[in-house]
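Residue numbering restarts at 1 for every chain, and letters A, B, ... go by the order of the sequence lines.
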There are 2 protein chains.
Amino acid sequence: MKGIRQLAEHLDISIGTVSRALNGKPDVNEETRKRVLAAAEELGYVANQSGRSLRQGTTNVIGLMIESSKETIEDSDNFFLGLTSGLQSVLARHKLDLIMLPCPTDEDPYEYLKRMVARRVVDAMIISATQRVDKRIDLLSKAKIPFVSLGRSQSSGNSPWIDLDFDGVANSAVDRLVAHGHRRIAIAAPSSDINLGYIFLDGYRSALERHGIAYDPSLVIRVKTSEQGGYQAGHELLQIDNRPTAVILIYELMAIGLYRRLTEAGVIPGRDLAVIGFREEPRAKFLQPALTCFRMSLHDLGVELAQTLLATMPAYSHFYPDSERNMIWPLKLIPGESDSFHLLAAQ
Amino acid sequence: MKGIRQLAEHLDISIGTVSRALNGKPDVNEETRKRVLAAAEELGYVANQSGRSLRQGTTNVIGLMIESSKETIEDSDNFFLGLTSGLQSVLARHKLDLIMLPCPTDEDPYEYLKRMVARRVVDAMIISATQRVDKRIDLLSKAKIPFVSLGRSQSSGNSPWIDLDFDGVANSAVDRLVAHGHRRIAIAAPSSDINLGYIFLDGYRSALERHGIAYDPSLVIRVKTSEQGGYQAGHELLQIDNRPTAVILIYELMAIGLYRRLTEAGVIPGRDLAVIGFREEPRAKFLQPALTCFRMSLHDLGVELAQTLLATMPAYSHFYPDSERNMIWPLKLIPGESDSFHLLAAQ
DNA sequence: CTGAAAGCGCTTACAG
DNA sequence: CTGAAAGCGCTTACAG
């Protein structure tokens with residue numbers, strides 16, 4: 001089966017009627033519609049997307065940009081795949097397809113996005129890993145391509161975003177550690193310019209301040225957000241004079257490397273050093289002692305992202321009248337054993 | 001900037017010439033070409049892909065289908081992202097873009113692929129996670145869409161594929177364990193109908209046979225290919241009468257759960273039970289004792305996949321005259337400590 | 001309810 | 001070397 005023309009000839013009917021029947025337009029005889037649908041199914045006809053897109057001016061495709069930089073490959077683990085189910089559950093309602101656009105390692109993310117947008121392969125974009133200043137946001141705004149970013153940015157202005165509650169997480173982590181008697185609390189932050197690092201650190205600082213604890217820059221450890229980074233963080237922790245008694249990790253899988261390095265040095269996590277991770281991860285469940293971390297549903301986040309995005313698209317906004325343009329995504333603390341001990345006052 | 005027409009008007013030149021200049025056709029005055037290129041850059045013009053595709057009959061996009069089923073989400077980890085760099089390095093040479101097509105969890109992979117193919121959103125497809133009998137292969141063959149599958153299948157016939165050397169891995173794992181004195185060697189195989197499970201098991205059986213060891217079905221443990229599956233595998237291992245002294249895992253991250261379950265029972269991996277994993281994974285590096293496993297380069301595999309695919313496409317085949325249609329991808333054993341002990345003859 | 005025709009944005013023979 | 005025109009496969013006003 002080639003095109004709608006062949007199908008129409010086969011049915012001895014005009015292509016216009018075939019198109020209307022297939023697209024569920026009301027002004028088609030039910031008998032005719034049935035014949036068309038049956039023939040299409042039988043011959044395996046599906047409309048060529050380029051033809052549709054060109055005529056309609058929309059692709060019915062939503063793009064999820066993925067940066068597979070050396071660092072993020074190990075970093076993102078299954079984050080994106082976890083999001084897709086939620087995204088698709090919403091997009092499917094509107095017959096929109098989701099495609100993932102992996103930016104090549106050696107290509108500038110900005111140029112890549114620009115190219116994809118200019119070629120009009122998608123109607124809208126979801127971007128993530130927003131930098132502190134992110135030119136992609138300006139690009140999309142100017143090009144008037146609907147988009148939502150996972151992660152706010154100084155470039156955001158009035159553009160829609162959803163961001164994880166890094167501030168809340170940092171605060172409740174510090175609160176919990178302080179309640180357990182800790183005063184020297186280190187933090188493992190990303191070495192890149194990703195915006196969440198700034199927010200996380202700000203939350204940490206203000207939490208310390210609330211508790212009357214002086215901020216000590218030497219307790220901020222900058223590493224890659226990976227297991228290797230965790231190992232490195234452990235290594236650096238061990239070298240700090242007057243060693244901190246607790247550490248908060250920006251990335252949960254860091255804990256694997258951290259535990260390893262600590263154990264090598266005879267320092268037992270959860271006994272000699274309190275550890276709080278970030279996101280709950282199936283993989284990290286098997287760590288011993290169990291990691292205290294924060295729970296969120298990637299599926300639900302995907303749902304919310306899709307709704308926020310659609311709310312900005314004229315063709316779909318009426319379905320989502322109450323959608324917030326910006327949103328801080330809450331996480332729930334899941335107590336583990338990695339920070340359950342209380343520090344003795346003497347220490 | 002809207003379309004080529006606006007750009008042409010702006011330059012006071014015909015759209016045909018603009019198109020030819022932009023596409024590097026030889027029959028364009030160099031002066032004209034420069035002007036066109038400069039104006040396009042300045043105004044940010046990039047050809048609308050739908051227009052091009054419709055006219056040329058090609059999309060210049062290659063699709064990588066991803067199944068994000070409940071199981072594979074945890075399973076695939078960064079496998080696909082690891083492939084993309086290699087794939088893109090080859091595709092970029094031909095100005096082909098790679099997009100990832102995540103099949104929704106609740107949609108049949110066959111129907112999904114059918115839809116994507118019929119809509120002609122891509123010129124060619126890369127599929128993976130091939131089942132023993134895989135209708136997708138018949139579909140693509142019949143539709144004459146160029147494709148390559150990562151994983152052979154009984155449905156493969158003459159179609160191109162690259163598969164990891166599961167047979168070789170199973171054989172060398174058994175050889176190594178036997179050399180260390182093991183006779184009761186268990187294997188953790190996938191519970192799904194994925195084809196690699198069959199090949200892995202066949203390799204295991206024939207290796208045992210070579211060594212004159214009777215195949216014992218009770219030593220084949222079927223679990224999910226995830227950490228949880230590894231935990232489960234550990235659990236089942238511990239229940240087997242005359243407990244096996246070694247186990248081979250089809251999926252490396254199973255080792256995390258396996259170690260955990262064994263340790264809970266006071267059984268020390270690498271001392272009381274020999275363990276060999278499959279693929280080397282950064283994540284598994286931090287396991288203690290270090291896991292004996294098999295090394296491969298995802299990047300190189302991506303390169304090979306892309307070349308194999310392009311070799312089947314008339315427009316590109318002349319670039320890859322020597323490409324094999326089918327290929328077994330070798331892996332190299334990396335000795336760790338998880339199976340380094342020798343079993344005493346007495347045992 | 002159906003058909004004939006226009007046109008979405010391109011590329012590419014075909015003239016000149 | 002350039003322009004005018006056809007046509008890729010659709011959808012959608014517009015007639016009837």
Side-chain angles (χ1 to χ4, degrees), chain A residues 1-37 39-40 43-61 95 115-123 143 315, chain B residues 1-37 39-40 43-61 95 115-123 143 315:
Chain A
M1 173 53 46
K2 263 200 71 215
I4 197 172
R5 182 140 273 129
Q6 281 69 26
L7 183 56
E9 275 172 17
H10 175 260
L11 286 162
D12 200 23
I13 206 180
S14 79
I15 62 166
T17 301
V18 170
S19 173
R20 282 190 294 267
L22 252 23
N23 289 306
K25 302 283 169 177
D27 54 350
V28 175
N29 181 298
E30 266 316 308
E31 182 60 29
T32 312
R33 189 192 305 280
K34 271 188 199 147
R35 279 185 60 220
V36 174
L37 257 28
L43 302 173
Y45 171 78
V46 177
N48 177 311
Q49 188 55 43
S50 298
R52 300 197 74 182
S53 299
L54 194 53
R55 172 62 225 235
Q56 298 195 122
T58 65
T59 60
N60 299 317
V61 174
K95 304 209 173 215
R115 191 158 58 87
M116 287 302 162
V117 161
R119 286 169 37 161
R120 304 268 152 187
V121 291
V122 296
D123 290 344
Chain B
M1 173 52 47
K2 262 201 69 215
I4 197 171
R5 181 140 274 130
Q6 282 69 26
L7 182 56
E9 274 172 18
H10 176 260
L11 286 161
D12 200 23
I13 206 180
S14 78
I15 61 166
T17 302
V18 171
S19 174
R20 283 190 293 266
L22 253 24
N23 288 308
K25 303 284 168 176
D27 54 350
V28 176
N29 181 299
E30 265 318 308
E31 182 61 29
T32 311
R33 189 193 304 281
K34 271 187 199 149
R35 280 184 58 220
V36 173
L37 256 28
L43 302 174
Y45 171 79
V46 178
N48 176 310
Q49 188 56 41
S50 298
R52 299 196 76 182
S53 300
L54 195 53
R55 171 63 224 234
Q56 297 196 123
T58 66
T59 60
N60 298 318
V61 174
K95 305 209 173 215
R115 192 159 57 89
M116 287 302 162
V117 161
R119 288 169 36 160
R120 304 268 149 186
V121 290
V122 297
D123 290 344

Would you indicate, yes or no, if [N] has its OP1 or OP2 atom less than 4.0 angstrom from a side-chain nitrogen or oxygen of [X]?
X      : N       : result
Y45(A) : dG9(D)  : no
K25(A) : dT11(D) : no
T32(B) : dT2(D)  : yes

[X] [atom1] - [N] [atom2] separation (whole Å):
X      : N       : atom1 : atom2 : value
Q49(A) : dT11(D) : CD    : C1'   : 12 Å
N23(B) : dC10(C) : CG    : P     : 11 Å
N29(B) : dG3(D)  : CG    : C1'   : 15 Å
I4(B)  : dG7(C)  : CD1   : C1'   : 16 Å
L22(B) : dG9(C)  : CG    : C1'   : 13 Å
E30(B) : dC1(D)  : CD    : C1'   : 12 Å

Quiz item: Has the side chain of R55(A) got a donor or acceptor atom sitting under 3.5 Å from an opposite partner on the base of dG9(C)?
Solution: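 Check fails, no donor-acceptor contact within cut-off.
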Practice problem: Answer yes or no: side-chain N or O of R119(B) and base N or O of dG9(D) forming a donor-acceptor pair under 3.5 Å. | Solution: no
Exercise. In plain terms, say whether K34(B) and E31(B) are close enough for a salt bridge, that is, a side-chain N and a carboxylate O under 4.0 Å apart.
Key: no
Self-check item: DNA chain D: 5'-proximal contact among I15(B) and G51(B) (nearest heavy atom)
Solution: I15(B)
Quiz item: Which nucleotide, dC10(D), dT2(D), dT12(D), lies nearest any side-chain atom of R20(A)?
Solution: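 So the side chain of R20(A) is nearest to dT12(D).
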Practice problem: Measure from the side-chain heavy atoms of Q56(A) and tell me the nearest of dT12(D), dT2(D), dG3(C). | Solution: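 Taking heavy atoms from C-beta onward, the closest nucleotide is dT12(D).
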Exercise. Describe the nucleic acid contact of G16(B) in one word from base, sugar-phosphate, nothing, applying a heavy-atom distance below 4.0 Å.
Key: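 If one applies the 4.0 Å heavy-atom cut-off, G16(B) turns out to touch a base.
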Exercise. With heavy atoms under 4.0 Å as the rule, sort S50(B) into base, sugar-phosphate or nothing.
Key: nothing
Practice problem: Between R52(B) and D27(B), name the one whose nearest nucleotide on DNA chain C is closer to the 5' end. | Solution: R52(B)
Quiz item: If we ignore angles and hydrogens, is there a donor and acceptor under 3.5 Å between the side chains of N60(A) and R119(B)?
Solution: no
